[in-house]
Amino acid sequence: MPGTPPQTEPVASPLLDGRVAVVTGAGQGLGAAEAEALAAAGARMVLNDLPGPALDEVVERIRQAGGTAVAVPGDVADRSTGEALVKTAVDGFGRLDVLVNNAGVLRDRMIFSMTEQEWDTVVRVHLRGHFVTTRFATAWWRDRSKAEGGPVDARIVNTASEAFLLGSAGQANYAAAKGGIVSLTLATARGCARHGVRVNAICPRARTAMTGDLMGPAPGGADPMAPERVAPLVVYLSGPAGARITGEVFVAHGDVVALLGPPTVRAVFHAATGTWTPTELDAALGPLFTEDPPRPGFVCEQTLPLAATTFGETP
């Protein structure tokens, strides 16, 4: 019709437009890639890492790209840091919607040579670091849910590792912490479901400063294990679709996203008299364990062949 303005397609809003996200360990590697991807999706960012130029550089890159980011440097396992992250988000932006727990360190050593400090450092940064931020974020979401009389729309993405699936021999501290993070993920998902908090964990493979010695140099061309390849899943779980997903564990790297299933029961036995005897136990269990030497059975190795180039080998 004359005078009718031409019809145009509506411009889609960014996936996380108006949302506020906290990312720990954001000064490099996975955390930096995740922070920049969340910012590109429209989230306003509160970034944490130890004090230093690396964290400031990520904040500046986000700002130069047109995003919004502030830094809250500090030890992620300190209570004061967890409080400051939530307070900065709420005081500065009026809300908190997404928490990505990523900060971590390695202190690899065989268990019989590991020092108490090597154990404590890894468990503290990974597991306690996840707890501290989660404790303050979920408390704020619970209070908001009660005040508003209904669930919030919040997300937590935790960072586990395939090390917990494999029982990595030289990483007892790291594997134990990552297994604890999976349990923390499930417990938080159950405990905070009615408040509208969705909680998931990822097991990423990425070539970073922390894993460079293990993975070796990147092959020529695009790196299949670049941390930027993991970030899209974090953005997805942080966005609208994440409202339907909670208490799940994903493996992510390259072009792979694998959803893990829960542990299964391999076999069940009942004592004939109601009380087990050594003879009855041997008759029931002995036929299952015949390998010599024995090898660990409670492991998940199905994820190993999902990427042919994890360690830089030719596909």
Side-chain angles (χ1 to χ4, degrees), residues 12-26 31 34-35 37-48 59 62 67-103 127-159 180-202 234-248:
S13 297
L15 189 66
L16 300 178
D17 191 25
R19 307 271 277 175
V20 176
V22 167
V23 178
T24 69
E34 291 163 347
L38 289 164
R44 293 166 289 175
M45 305 303 304
V46 178
L47 306 185
N48 161 261
V59 169
I62 289 174
T68 301
V70 296
V72 180
D75 182 342
V76 72
D78 283 348
R79 178 185 177 95
S80 59
T81 302
E83 286 182 306
L85 285 167
V86 174
K87 180 176 174 57
T88 299
V90 174
D91 289 354
F93 302 118
R95 58 190 296 140
L96 172 63
D97 304 285
V98 178
L99 168 63
V100 178
N101 285 310
N102 167 77
L127 187 53
R128 178 181 165 87
H130 273 60
F131 158 71
V132 167
T133 53
T134 298
R135 184 257 182 262
F136 290 107
T138 55
W140 189 79
W141 286 324
R142 178 206 57 190
D143 292 346
R144 184 179 170 203
S145 174
K146 289 183 176 181
E148 296 181 359
V152 298
D153 184 28
R155 310 280 187 274
I156 299 177
V157 180
N158 289 330
T159 305
I181 287 169
V182 171
S183 296
L184 174 64
T185 298
L186 301 179
T188 307
R190 288 184 178 274
C192 296
R194 66 192 179 98
H195 299 302
V197 183
R198 305 293 178 250
V199 192
N200 297 286
I202 62 170
V234 174
V235 174
Y236 179 82
L237 292 173
S238 301
R244 305 189 304 273
I245 307 170
T246 198
E248 302 288 358

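Under a 3.5 Å cut-off, the side chain of R44 and the backbone N or O of T68 do not form any donor-acceptor pair. Using modelled atom types, one side-chain atom of N48 and one backbone atom of V72 make a donor-acceptor pair closer than 3.5 Å. Side chain of R142 to backbone of C192: no donor-acceptor contact under 3.5 angstrom is found. Checked by atom type and distance alone, the side chain of R95 never pairs as donor or acceptor with a backbone atom of V90 at under 3.5 Å. Under a 3.5 Å cut-off, the side chain of R198 and the backbone N or O of I245 do not form any donor-acceptor pair. The closest donor-acceptor contact from the side chain of T185 to the backbone of G247 lies at 3.5 Å or more, if one exists at all. The closest donor-acceptor contact from the side chain of T246 to the backbone of A189 lies at 3.5 Å or more, if one exists at all. In this structure, the side chain of D97 does not engage the main chain of A21 through any donor-acceptor pair within 3.5 Å. Within the 3.5 Å criterion, the main-chain N or O of N101 finds no donor-acceptor partner in the side chain of N158.
Taking every heavy atom of both residues into account, S145 and G150 meet most closely at OG-O, 2.9 Å. Here the closest heavy-atom approach between residue V76 and residue T81 is recorded as CA-CG2, 4.1 Å. In terms of heavy-atom proximity, W141 sits nearest to R155 at CH2-O, 3.6 Å. Scanning both residues, A26 and A35, for their nearest heavy atoms gives CB-CB, 4.4 Å. Shown here for F93 and V46, the closest heavy-atom pair between the two residues is CE1-CG2, 3.8 Å. For A77 against V132, the heavy-atom pair with the smallest separation is O-CG2, 3.5 Å.
In this structure, NE2 in H195 is found 9.0 Å from CG in D143, a value given to the nearest 0.5 Å. Summarising the geometry, atom NZ belonging to K87 is positioned 13.5 Å from atom CG belonging to L96; distances are rounded to the nearest 0.5 Å. Here N102 contributes atom CG and I202 contributes atom CD1; the two are 7.5 Å apart, rounded to the nearest 0.5 Å. Atom CZ of F131 is separated from atom CZ of F136 by 7.5 Å, given to the nearest 0.5 angstrom. Atom OG of S238 sits about 6.0 Å away from atom CG of L16, to the nearest 0.5 Å. Taking CH2 of W140 as the start and CG of L99 as the end, the distance is 12.5 Å to the nearest 0.5 Å.
Within the 4.5 Å cutoff, the side chain of I62 has heavy atoms near those of the L47 side chain. Using a 4.5 Å heavy-atom cutoff, the side chains of V197 and V152 are in contact. Within the 4.5 Å cutoff, the side chain of R19 has heavy atoms near those of the D153 side chain. Two residues are said to be in side-chain contact when any heavy atoms from C-beta on lie closer than 4.5 Å; V22 and T133 fail this criterion. At least one side-chain heavy atom of M45 sits less than 4.5 Å from a side-chain heavy atom of V23. Two residues are said to be in side-chain contact when any heavy atoms from C-beta on lie closer than 4.5 Å; I181 and L127 meet this criterion. Between I156 and T138, some side-chain heavy-atom pair lies under the 4.5 Å cut-off.
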